[in-house]
Amino acid sequence: MEKINVGVLGATGMVGQRYIKLLEDHPWFKVTYVAASPRSAGKLYKEAVANRWLIGTDIPEDVKNLIVQDANKPEAALGKCRFVFSALEMSKDEIKALESAYAAEGLPVVSNASANRWTEDVPMLIPEINSAHLDVIAEQKKHHGWDKGFIAVKPNCSLQTYMMPIFALQQAGYPIKRMVVTTLQAVSGAGYPGVASFDMIDNIVPFIGGEEEKTEKECLKILGKVNGDIIENAQKPLVSATCTRVPVIDGHTASVNLEFDLPDEKKPTLEEILKVWENFSSVPQELKLPSAPEKPIVYRTEENRPQPCRDRETQKGMACVIGRLRKCSVFDIKFVALSHNTKRGAALGGILNAELLKAKGFFD
């Protein structure tokens, strides 16, 4: 198969570097264009990231000698790539305008940024859950008068921790009324240089700016439906979130308590819930997308799992790992879930989105 040439916007930042490393030897995509801020433009990529390459292995050979372009000039990408991954680090208004400018030039944008998550005609994708939201792209292009360009985004990294298990239950006929979610989020989620060591060593920070609002609302768009030219949010489940930063490098954990929207006699048993999770599979698995986990949900039976350092790499870092399913004395059930925030929750999740778009013909 001839590989598709792709670009990375914000290529010198932490998420951009992860895209470049994860795309090394990708069977479908090849990085041929890198762009960043004007201060990096004109340099070889290896010079632009000198002394701040954060990934821990060598810069891919195919990328190290690419000349970094100014990300503010989308026309410079024409002819050099078919679509771009956006890992831009700017204000939301600036990112929104710039991603639209790339789409207007005919370059699809697969974004890791949050700027367009609440744009009504932009799909916010977890491919195992809402691949049907791709239907809104035709309306998005029509609305803007774009020919080949469009924008698709991924959600906040912490949602990846528990969205698949609750979607699997709802899909199996067990709708959820409300949830209480407490996240224990890794320091890598704050980017680089992240949280000061004096704040994190021997400490937990019980606040992450904007995170609780994202946790409570983004799930409703993901679980919503395409209605005409927009995505209409779901009304349930109601979510109450507390988001904390913990001294873990990678791996977001969530403690989830939930109540089913069913009469008592129709609520699932713990055994039925485990069966739903064990059997869950979806579009990425059917399409055999390269970055898709064979088992998107993995349940650990040990009483002290999941743990970030032991379980975050499960299924190439793309699985939701669950443990401690038990009855809840206030709601119906409670469990602990874990996902890899810089793989499933960031760059590799974005790559999976691009694989889905490619498999569905959006780059043809």
Side-chain angles (χ1 to χ4, degrees), residues 124 126-133 155-156 158-185 211-227 231-244 252-283 285 293 295-307 311 314 319-339:
M124 181 164 56
I126 298 177
E128 283 88 350
I129 297 176
N130 62 339
S131 62
H133 286 194
N156 188 43
S158 65
L159 269 73
Q160 316 279 346
T161 307
Y162 57 86
M163 282 300 298
M164 276 197 287
I166 70 168
F167 171 73
L169 291 172
Q170 299 215 130
Q171 187 183 50
Y174 304 125
I176 297 165
K177 182 178 181 180
R178 53 185 180 164
M179 299 166 44
V180 174
V181 178
T182 301
T183 66
L184 298 87
Q185 297 182 214
E211 203 77 3
E212 291 172 0
E213 294 82 357
K214 296 174 188 176
T215 301
E216 293 176 352
K217 295 178 181 178
E218 287 187 16
C219 61
L220 299 177
K221 181 173 181 179
I222 294 166
L223 295 172
K225 305 288 185 184
V226 174
N227 183 5
I231 297 168
E232 194 171 84
N233 296 340
Q235 297 302 306
K236 294 180 182 178
L238 302 176
V239 180
S240 176
T242 300
C243 296
T244 71
H252 286 353
T253 303
S255 174
V256 180
N257 300 59
L258 67 80
E259 179 182 12
F260 292 105
D261 197 8
L262 290 167
D264 287 345
E265 65 274 12
K266 294 189 176 181
K267 293 177 181 179
T269 65
L270 299 182
E271 290 74 18
E272 288 170 330
I273 292 168
L274 289 173
K275 186 175 181 181
V276 168
W277 289 342
E278 173 66 24
N279 294 329
F280 179 71
S281 184
S282 191
V283 173
Q285 288 70 45
K295 286 184 65 63
I297 297 175
V298 174
Y299 188 82
R300 302 294 311 219
T301 58
E302 300 92 331
E303 63 182 9
N304 62 350
R305 303 283 281 275
Q307 297 177 18
D311 298 310
T314 301
C320 173
V321 186
I322 309 175
R324 301 206 66 213
L325 174 65
R326 59 217 192 273
K327 290 288 187 181
C328 177
S329 58
V330 177
F331 288 173
D332 288 320
I333 63 166
K334 51 188 175 180
F335 59 90
V336 176
L338 169 75
S339 68

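No hydrogens, no waters, no symmetry mates; every other heavy atom, side chains included, goes into these values. Keep in mind that this is a model prediction, so the values were computed, not measured.
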Measuring from atom [atom1] of [X] to atom [atom2] of [Y], what distance do you get when rounded to the nearest 0.5 angstrom?
| X | Y | atom1 | atom2 | answer |
| --- | --- | --- | --- | --- |
| Gln185 | Thr161 | CD | OG1 | 7.5 Å |
| Leu184 | Thr242 | CG | OG1 | 10.5 Å |
| Arg178 | Leu258 | CZ | CG | 11.0 Å |
| Arg324 | Glu303 | CZ | CD | 8.0 Å |
| Cys320 | Gln160 | SG | CD | 9.5 Å |

Is [Y] close to [X] at the side-chain level, that is, under 4.5 Å between some pair of heavy atoms?
| X | Y | value |
| --- | --- | --- |
| Met179 | Val256 | yes |
| Lys295 | Glu278 | yes |
| Asn257 | Ser255 | yes |
| Pro155 | Ile126 | yes |

List the atom of [X], the atom of [Y], and the distance in Å for their closest heavy-atom pair.
| X | Y | value |
| --- | --- | --- |
| Leu159 | Lys214 | CD1-O, 3.9 Å |
| Pro306 | Gly323 | CD-N, 3.5 Å |
| Pro293 | Glu128 | CD-OE2, 3.8 Å |
| Glu212 | Cys243 | OE2-N, 3.1 Å |
| Thr215 | Cys219 | O-SG, 3.9 Å |
| Asn227 | Glu232 | ND2-OE2, 2.9 Å |

Partners passing side chain to side chain contact (heavy atoms under 4.5 Å, CB included) against [X] (at least two apart in sequence or in another chain):
| X | answer |
| --- | --- |
| Leu325 | Leu270, Ile273, Leu274, Trp277, Tyr299, Ile333, Phe335 |
| Glu302 | Arg300, Asn304, Arg305 |
| Lys236 | Asp261 |
| Gln171 | Phe167, Phe280 |

- Take Met164 and Ile129 through the side-chain contact (heavy atoms from CB on, under 4.5 Å) test and state the conclusion after the steps. CA-CA 7 Å; Met164 276 197 287; Ile129 297 176; 4.1 Å; yes
- Item | His252 and Thr183: CA distance, side-chain angles, deciding distance, side-chain contact (heavy atoms from CB on, under 4.5 Å) verdict | CA-CA 7 Å; His252 286 353; Thr183 66; over 6 Å; no
- Message: As a quick check of understanding, evaluate side-chain contact (heavy atoms from CB on, under 4.5 Å) for Leu223 and Met163, giving each step before the final call.
- Response: CA-CA 9 Å; Leu223 295 172; Met163 282 300 298; 3.8 Å; yes
- Scan Leu338, Thr253, Val298 and name whichever one has a side-chain contact (heavy atoms from CB on, under 4.5 Å) with Asp311. Leu338
- Message: Per the salt bridge (charged side-chain N to carboxylate O under 4.0 Å, His left out) rule, what does the pair list look like for residues 325-339, sequence neighbours excluded?
- Response: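 The answer is Lys267-Asp332.
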- Task: Scan residues 164-174 for pairs that pass salt bridge (charged side-chain N to carboxylate O under 4.0 Å, His left out), counting only residues two or more places apart or in two chains.
- Result: none
- Query: Is a side-chain N or O of Lys217 found less than 3.5 angstrom from the main chain of Val239, in a donor-acceptor match?
  - Reply: no
- Keeping the roles fixed (side chain from Glu259, backbone from Phe331), state whether a donor-acceptor pair exists under 3.5 Å. no
